[in-house]
Amino acid sequence: MALVGGYLVLSLPFSIVAIIRPHAAAPRLFLIILDSVFLVLATAGAASAASVVYLAHNGNQSSNWLAICNQYSDFCNQTSGAVVSAFIVVLIFMFLIVMSSLAIAKKH
């Protein structure tokens, strides 16, 4: 998720160029392609975090991993909140990509 956040900060100059030059399709198309790539990365990060939280809550008997949420409830509360936040970010990012794609399709 840190990579996705860094990408969003670094993509600001391209977004500014797309706003200043609304008829230039290349920067917008470049942004949509990279946005899609980083959306996949954000989804993978959220899914892997969800699997760690699942193991923390339930453990895995076949691997002898015990559930740790009984002992570390603050950790489980914080990581559960982080997973929910990550999936909310993924949904917002998907919405923004769809809106950008529709804006490009409308202009051309």
Side-chain angles (χ1 to χ4, degrees):
M1 294 305 277
L3 288 173
V4 174
Y7 159 73
L8 290 174
V9 169
L10 293 176
S11 69
L12 284 175
F14 287 104
S15 299
I16 292 170
V17 168
I19 291 170
I20 292 173
R21 297 182 183 170
H23 298 294
R28 289 176 187 245
L29 185 61
F30 181 68
L31 281 174
I32 287 179
I33 291 170
L34 285 179
D35 284 351
S36 300
V37 168
F38 279 93
L39 172 65
V40 170
L41 188 64
T43 305
S48 64
S51 69
V52 169
V53 169
Y54 177 80
L55 281 176
H57 279 284
N58 300 324
N60 187 347
Q61 293 299 328
S62 63
S63 300
N64 288 330
W65 288 353
L66 301 175
I68 62 168
C69 284
N70 298 335
Q71 298 159 345
Y72 303 104
S73 61
D74 288 341
F75 167 77
C76 288
N77 291 337
Q78 290 176 354
T79 55
S80 297
V83 168
V84 170
S85 300
F87 279 112
I88 289 172
V89 166
V90 167
L91 289 175
I92 291 171
F93 205 22
M94 282 188 344
F95 177 73
L96 290 174
I97 290 172
V98 169
M99 295 295 288
S100 297
S101 300
L102 291 176
I104 288 177
K106 195 176 194 182
K107 290 190 178 203
H108 292 288

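Just the heavy atoms: all of them, side chains too, but no hydrogens, waters or symmetry mates, feed the values below. Being a predicted model, the structure only gives us computed values, none of them experimental.
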| remark: CE of M94 to CG of D35, rounded to nearest 0.5 Å, is 13.0 Å
| query | In Å, rounded to the nearest 0.5 Å, how long is the span from OG of S100 to CG of L29? | reply | 11.5 Å
| request: Could you tell me the separation between the OG atom of S48 and the CE atom of M1, rounded to the nearest 0.5 Å? | output: 9.5 Å
| said: Once rounded to the nearest 0.5 Å, what's the spacing between atom NE2 of H57 and atom CG of N70? | reply: 10.0 Å
| query | Just by modelled atom types, is the N77 backbone N or O under 3.5 Å from a matching donor or acceptor in the S80 side chain? | reply | no
| message | Quick check: is V98 connected to L8 through a chain of hydrophobic side chains (ILVMFWY, heavy atoms under 4.5 Å apart)? | response | no
| How far does CG of L12 sit from OH of Y7, to the nearest 0.5 angstrom? | 10.0 Å
| field | Reference residue L39; test side chain to side chain contact (heavy atoms under 4.5 Å, CB included); the match among L96, I97, V4 | value | I97
| query | Any chance CD of Q61 has more than 12 other-residue heavy atoms, nucleotides or ligands included, within less than 6.0 Å? | reply | no
| Would one find more than 12 heavy atoms of other residues, nucleotides or ligands at under 6.0 Å from atom CZ of F14? | no
| field | Sole candidate of V52, V53, I88 that passes side chain to side chain contact (heavy atoms under 4.5 Å, CB included) when paired with V83 | value | V53
| said: Side-chain heavy atoms nearer than 4.5 Å, only ILVMFWY residues, links allowed to pass through others: does that put F93 and L41 together? | reply: yes
| field | Atom of A56, atom of F75 and distance for their closest heavy-atom approach | value | CB-CE2, 4.2 Å
| Quick one: do L3 and F30 end up in the same hydrophobic cluster if we chain Ile, Leu, Val, Met, Phe, Trp and Tyr together by side-chain heavy atoms under 4.5 Å apart? | yes
| task | Please round to the nearest 0.5 Å and tell me the distance separating atom CG of L10 and atom CG of L34. | result | 11.0 Å
| message | Applying a strict under-4.5 Å side-chain criterion to I, L, V, M, F, W and Y, I'd like to know whether V90 and L31 cluster together. | response | yes
